[in-house]
Chemist: 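The structure under discussion is supplied below as structure tokens; questions concerning it will follow.
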Amino acid sequence: MEHKAKARTMIRSPLIKSVAAAALSLPMAAMAHNYTYLEGGFLDRDYGNEDDSGFRIAGSGSITDNVALFGEYSDVGRLEQITAGALYHMPLNKVIDLNLGASFEHVEAGPVDDSGFGLRAGLRWQLTPYIEMNPEIRYIDVFNDSATSLRLAGLFAVTKELDIQAALQGGDDDRIEVGVRYNFGPRG
């Protein structure tokens, strides 16, 4: 009888209520960032011994509260790359999401081409209502070789739907990107 009374007291405890409220709010926080968008723009890429400029177009679409499909096509002359994958995202708090993704990769480098896979992990961090930062680590395995790079993308909100985007990526796949992102649906 005494154990049942202690259990009822614990359920009424402010600490237990706070933890339960925080756990129940996680699905709401998962909607903090919009994962349905289309983006693209200028790309300068240094991969191996090649340094070329061109363009990229990418997009993402939510399929559940915590899963999105993504894709990217980039063309910088001699080097073309197609990426298609899935991304799991979960909120760490109201302004930061953790992202974990895997992708199919296809690369054409001049007369040769190969397919492989990619992995990525990063954050989406809403610094202010107008500025979002996306630090990320990317790994790709094609041509029996692997490449690991660190990437930092920043977005500045121009309107509710439109962002200006810039990204700097360094490591085995160096990139500089400047472009725009159009968000479908609420920003969060």
Chemist: Linking I/L/V/M/F/W/Y whenever any side-chain heavy atoms sit under 4.5 Å apart, do Phe104 and Tyr73 land together?
Modeler: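 Looking at the clustering, Tyr73 is in a separate group from Phe104.
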Chemist: For Leu119 and Ala102, work out which heavy atoms get closest and say how close.
Modeler: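 In this case the closest contact between Leu119 and Ala102 is CD2-CB, 4.0 Å.
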Chemist: What distance do Leu168 atom CG and Glu177 atom CD have between them, rounded to the nearest 0.5 Å?
Modeler: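 Result: 9.5 Å between the selected atoms.
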Chemist: Using 0.5 Å steps for rounding, measure from the OG1 atom of Thr148 to the CD1 atom of Ile137.
Modeler: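 CD1 of Ile137 is found 6.0 Å from OG1 of Thr148.
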Chemist: Between the side chain of Glu108 and the main-chain N/O of Val112, is any donor-acceptor distance below 3.5 Å?
Modeler: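 Between the backbone of Val112 and the side chain of Glu108 there is no qualifying donor-acceptor contact (under 3.5 Å).
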Chemist: Of the non-hydrogen atoms in Pro91 and Asn66, which two are nearest, and what is the gap between them?
Modeler: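 Pro91 and Asn66 have their closest heavy atoms at CD-ND2, 4.3 Å.
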Chemist: Test of understanding: clusters of I, L, V, M, F, W, Y form through side-chain heavy atoms closer than 4.5 Å, transitively. Do Val76 and Val142 belong to the same one?
Modeler: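 Yes, because Val76 and Val142 connect within a single hydrophobic cluster, where side-chain heavy atoms sit under 4.5 Å apart.
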Chemist: So is Arg56 actually on top of Phe42's ring, under 6.0 Å and inside 45° of the axis?
Modeler: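 Not satisfied by the 6.0 Å and 45° rule.
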Chemist: I need the minimum non-hydrogen distance between Thr64 and Val67, along with the two atoms involved.
Modeler: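 Closest pair (atom of Thr64, atom of Val67, distance): OG1-N, 3.1 Å.
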Chemist: With the threshold set at 4.0 Å, does a side-chain nitrogen-carboxylate oxygen contact exist between Arg138 and Asp173?
Modeler: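 Salt bridge between Arg138 and Asp173, a charged N being under 4.0 Å from a carboxylate O: no.
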Chemist: Are Ser74 and Gln81 close enough that a side-chain donor and a side-chain acceptor fall under 3.5 Å?
Modeler: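 Side chains of Ser74 and Gln81: no pair found under 3.5 Å.
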Chemist: Can you find a pair of side-chain heavy atoms, one from Trp125 and one from Asn134, that are under 4.5 Å apart?
Modeler: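 No, side chains not in contact.
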Chemist: Sub-3.5 Å donor-acceptor pair from the side chain of His33 to the main-chain atoms of Val95, do we have one?
Modeler: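 Yes; at least one donor-acceptor contact below 3.5 Å.
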Chemist: Which heavy-atom pair separates Gly118 from Glu105 by the least distance, and what is that distance?
Modeler: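 Of all heavy-atom pairs spanning Gly118 and Glu105, the closest is N-CG, 3.7 Å.
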Chemist: Determine whether Phe55 and Tyr182 fall in the same hydrophobic cluster, where Ile, Leu, Val, Met, Phe, Trp and Tyr are linked whenever their side-chain heavy atoms lie under 4.5 Å apart.
Modeler: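 Cluster IDs for Phe55 and Tyr182 match.
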Chemist: Determine yes or no for a side-chain-to-main-chain donor-acceptor pair under 3.5 angstrom, with His89 supplying the side chain and Leu100 the backbone.
Modeler: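 Checked: no pair found.
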Chemist: Quick check on the hydrophobic clustering: are Ile140 and Leu43 connected, directly or via other members, by side-chain heavy-atom contacts under 4.5 Å?
Modeler: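 Yes, same cluster.
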Chemist: Just by distance, do the side chain of Ser60 and the backbone of Tyr35 share a donor-acceptor pair under 3.5 Å?
Modeler: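 Present.
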Chemist: Between the main-chain N or O of Leu79 and the side-chain N or O of Asp52, is there a donor-acceptor pair closer than 3.5 Å?
Modeler: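 No, Asp52 side chain to Leu79 backbone: no donor-acceptor pair under 3.5 Å.
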Chemist: Output the distance between atom CG (Asn99) and atom CG (Leu123), rounded to the nearest 0.5 Å.
Modeler: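 Between atom CG of Asn99 and atom CG of Leu123 there are 7.0 Å.
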Chemist: For residues Asp141 and Ser146, is any side-chain donor paired with an opposing acceptor at under 3.5 Å?
Modeler: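 Note: Asp141 and Ser146 side chains miss the donor-acceptor criterion.
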Chemist: Can you tell me how far CE of Met133 sits from CG of Leu127, rounded to the nearest 0.5 angstrom?
Modeler: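 Interatomic distance, Leu127 CG to Met133 CE, rounded to 0.5 Å: 6.5 Å.
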Chemist: Verify side-chain contact (heavy atoms from CB on, under 4.5 Å) between Phe70 and Ser103, making sure each step is shown before the conclusion.
Modeler: CA-CA 8 Å; Phe70 65 90; Ser103 58; 3.8 Å; yes
Chemist: Which heavy-atom pair separates Leu38 from Ala58 by the least distance, and what is that distance?
Modeler: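 What the structure gives for the nearest pair is CD1-O, 3.3 Å.
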Chemist: Any link between Val180 and Leu152 through a network of hydrophobic side chains (Ile, Leu, Val, Met, Phe, Trp, Tyr) touching at under 4.5 Å?
Modeler: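 No, because Val180 and Leu152 fall into different hydrophobic clusters, even though each may have its own neighbours under 4.5 Å.
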Chemist: Quick one: pull up CG in Asp114 and CZ in Phe143 and give me the separation to the nearest 0.5 Å.
Modeler: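 Rounded to the nearest 0.5 Å, the CG-CZ separation comes to 5.0 Å.
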Chemist: Going from CD on Glu72 to CD1 on Ile82, what distance comes out if it is rounded to the nearest 0.5 angstrom?
Modeler: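 Between atom CD of Glu72 and atom CD1 of Ile82 there are 11.0 Å.
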Chemist: Just checking Tyr130: does its OH atom have more than 12 heavy atoms from other residues, nucleotides or ligands closer to it than 6.0 angstrom?
Modeler: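 Counting other residues, nucleotides and ligands, OH of Tyr130 stays at 12 neighbours or fewer.
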Chemist: Just by distance, with hydrogens left out, do Asp163 and Tyr37 show a side-chain donor and acceptor under 3.5 Å apart?
Modeler: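 Tyr37 and Asp163 do not have a side-chain donor-acceptor pair below 3.5 Å.
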Chemist: Do you know which two heavy atoms are closest between Ser53 and Asp44, and how far apart they sit?
Modeler: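 Result for this residue pair: OG-OD1, 2.7 Å.
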Chemist: Give a yes or no answer on whether the side chain of Asp75 reaches the backbone of Glu80 with a donor-acceptor pair at less than 3.5 Å.
Modeler: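 Not confirmed, Asp75 side chain does not pair with Glu80 backbone.
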Chemist: I'd like to know if the side chain of Arg181 reaches the main chain of Ala157, judged simply by a donor and an acceptor atom lying under 3.5 Å from each other, with no hydrogens or angles considered.
Modeler: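 No, the answer is negative, given that no donor and acceptor are paired below the 3.5 Å cut-off.
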